[in-house]
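Notes follow once the structure below has been shown.
Computed from heavy atoms alone, side chains included, the values below leave out hydrogens, waters and symmetry copies.
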Amino acid sequence: MIDRPEADRSDGEAGDSEANERATPPGNLARRVFEASPVGTIVLDAAGEMVFANERAAETLDLSRAEIAARTYDSPDWNIYYDDGRPVPADENPVARVLESGDPVFGFEHWIELPDGSERWLSSNTAPVPDESGATEYVIVAFEDVTALKRREKQLTSDHVRRLEFRADGSAVPPSLRVDGGDTRIDVDSIVPLPDGTTVQYMGTSDLTASEFVTAVEEVPHYLDVRLLSSIDGRSRVEAHAEPTTVSHVFPSLGGRACAIVVTPDEVRFLGELPGDVDPRLAADGIREFHPEAELVSEELVYSPHLLYDVVADALTDRQLAALDAAYFGGYFETPRTSTGKELADRFDVTRQTFNQHLRKAQRTVFRHLFEESGADAR
């Protein structure tokens, strides 16, 4: 190895020093950069009090700088919420998390209610500024208004469905299922509206015996009566007459469908789908009318092309669709039948002749679209 001459080493060190001086910003540059930044920026001290906010932050939050400075990060006046409408607790605020852990929090999305009552979606990045000892001296929050992107997302998701899962605590568990054991999954096949505003819900499970299934459903206050339809190869199906509003009905009331209810001894999870352009907070609000502490635990956006069902559903009247739905899920087309025409007609409080008329018209519409409309398109 050949050592560099001292003169060369001195020249190199001098160059490094000059480069470092050029990389060190003037004393007032940081404030000028904050002011000019197109991103809203707030600086807080270690006590969580706001010591600086740039003009973009004031514009985005629709507050003056003095109003921002008068608040702490955990002030209840902020009114910030998760996607599903739950208020963000103070200890889950990114500032609190940074102060607690010293680690940055990136990509935190939430919506905020502005002073005039309007809503604005924000995406923020929060990071610590350590002192010489490494302790967090300041916290920087940089945020952008993503409301327009959220609206664009809504427009682009009209051909998608949102698969949602909500969780409620043990108070929602039927008494007979509050025992040690695994999950009990109850599939919701269909929810059919009746003329008097009540509904008929068709459900099935392989995790309970027929008698256990009927008992568990009867224990839910919103069900008026339950009828066992079948119990074949370990799977039981029931028809439950329900009040106008139930947790499962929240999804179809918003244009979606209820998929399943999963029960454990400690909690109940409600699984359902909504059209991609429907705000999931609406489902959260509906479920919380029954279970105030319910929370959204998962959300997935998946592509769902318009299939024959969508075409047929648009062509049928409400009564025709309800009759066809009830006949199919009620076992009218099965051999042997698990529901007779009279039993279904009684549910709808119509004569058997009227029910059969609705059913026949619905069947003809389905067959026409299957054999004539689609065939014509193919030709």
Side-chain angles (χ1 to χ4, degrees), residues 161 163-168 172-179 181-194 198-253 256-265 267-274 283 287 290 298 304 307 309 313 321-341 343-344 346-348 359 362 366:
V161 296
R163 293 175 178 167
L164 306 173
E165 181 177 346
F166 291 89
R167 178 172 58 204
V173 180
S176 63
L177 300 184
R178 295 175 188 170
V179 295
D183 292 356
T184 298
R185 182 185 175 96
I186 298 173
D187 295 309
V188 181
D189 296 326
S190 184
I191 298 177
V192 182
L194 299 179
T198 60
T199 63
V200 174
Q201 301 185 12
Y202 295 96
M203 298 177 286
T205 185
S206 300
D207 296 331
L208 299 171
T209 66
S211 61
E212 290 172 340
F213 190 15
V214 170
T215 297
V217 177
E218 287 178 335
E219 289 173 341
V220 178
H222 307 292
Y223 290 108
L224 305 175
D225 62 74
V226 185
R227 180 168 70 97
L228 180 66
L229 293 176
S230 62
S231 184
I232 302 172
D233 295 330
R235 182 169 182 81
S236 300
R237 296 184 64 249
V238 300
E239 174 194 83
H241 186 200
E243 293 178 354
T245 55
T246 63
V247 173
S248 295
H249 189 247
V250 168
F251 294 100
S253 71
R257 70 183 188 94
C259 297
I261 302 167
V262 180
V263 184
T264 72
E267 66 180 26
V268 176
R269 299 194 297 276
F270 303 101
L271 286 67
E273 294 179 350
L274 290 181
I287 292 174
F290 301 91
S298 70
S304 177
L307 301 177
Y309 179 89
L321 180 59
L324 186 62
D325 216 345
Y328 181 80
F329 290 104
Y332 179 78
F333 299 116
E334 295 177 5
T335 303
R337 288 176 173 168
T338 54
S339 292
T340 66
E343 288 172 330
L344 295 173
D346 289 344
R347 279 296 190 195
F348 286 86
L359 184 58
V366 173

Do you know the tightest heavy-atom contact between [X] and [Y]?
X      : Y      : result
Ala323 : Leu359 : O-CD1, 3.9 Å
Leu274 : Ala283 : CD1-CB, 3.9 Å
Ala242 : Thr246 : CB-CG2, 3.8 Å
Ser236 : Leu228 : CB-CD1, 4.3 Å
Ala240 : Val217 : CB-CG1, 4.1 Å
Pro193 : Thr199 : CA-CG2, 4.2 Å

Any donor-acceptor N or O pair under 3.5 Å, side chains [X], [Y]:
X      : Y      : answer
Ser176 : Glu212 : no
Thr198 : Glu243 : no
Asp183 : Thr264 : no

Next item on the list: Any pair with a residue in residues 214-233 that passes ring pair (Phe, Tyr, Trp, His ring centres under 6.0 Å), sequence neighbours left out, goes on the list, sorted by first then second residue, please.
Entry: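 Only His222-Phe290 qualify under ring pair (Phe, Tyr, Trp, His ring centres under 6.0 Å).
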
Check: What pairs with Phe348 under side chain to side chain contact (heavy atoms under 4.5 Å, CB included), at least two apart in sequence or on another chain?
Finding: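 Phe348 satisfies side chain to side chain contact (heavy atoms under 4.5 Å, CB included) with Val192, Leu194, Pro195, Ala322, Ala326, Val350, Phe355 once adjacent residues are dropped.
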
Do [X] and [Y] have side chains that get closer than 4.5 Å, going by heavy atoms?
X      : Y      : result
Val200 : Ile191 : no
Asp187 : Met203 : no
Ile261 : Ser248 : yes
Pro174 : Val220 : yes
Glu219 : Pro175 : yes
Glu343 : Glu239 : no
Arg237 : Phe329 : yes
Ser339 : Leu229 : yes

Item checked: salt bridge (charged side-chain N to carboxylate O under 4.0 Å, His left out) between Glu165 and Arg163, intermediate numbers included -> CA-CA 7 Å; Glu165 181 177 346; Arg163 293 175 178 167; over 6 Å; no

Next item on the list: Please round to the nearest 0.5 Å and tell me the distance separating atom OH of Tyr202 and atom OH of Tyr328.
Entry: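 Answer for the OH-OH pair, Tyr202 versus Tyr328, is 13.0 Å.
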
Note to self: Has Thr205 got a side-chain atom pairing as donor or acceptor with Asp207's backbone, closer than 3.5 angstrom?
What the structure shows: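 Yes; at least one donor-acceptor contact below 3.5 Å.
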
Margin query: Would Arg337 pass as a cation-pi partner of Tyr332, given that its NZ or CZ must be under 6.0 Å from the six-membered ring centre and within 45 degrees of the axis?
Written below: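 Checked: cation-pi criterion met.
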
Notebook entry, point to check: Would you call Asp189-Arg257 a salt bridge at under 4.0 Å N-O?
Noted result: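 Between Arg257 and Asp189 there is no salt bridge, as every charged N stays at least 4.0 Å from the carboxylate O atoms.
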
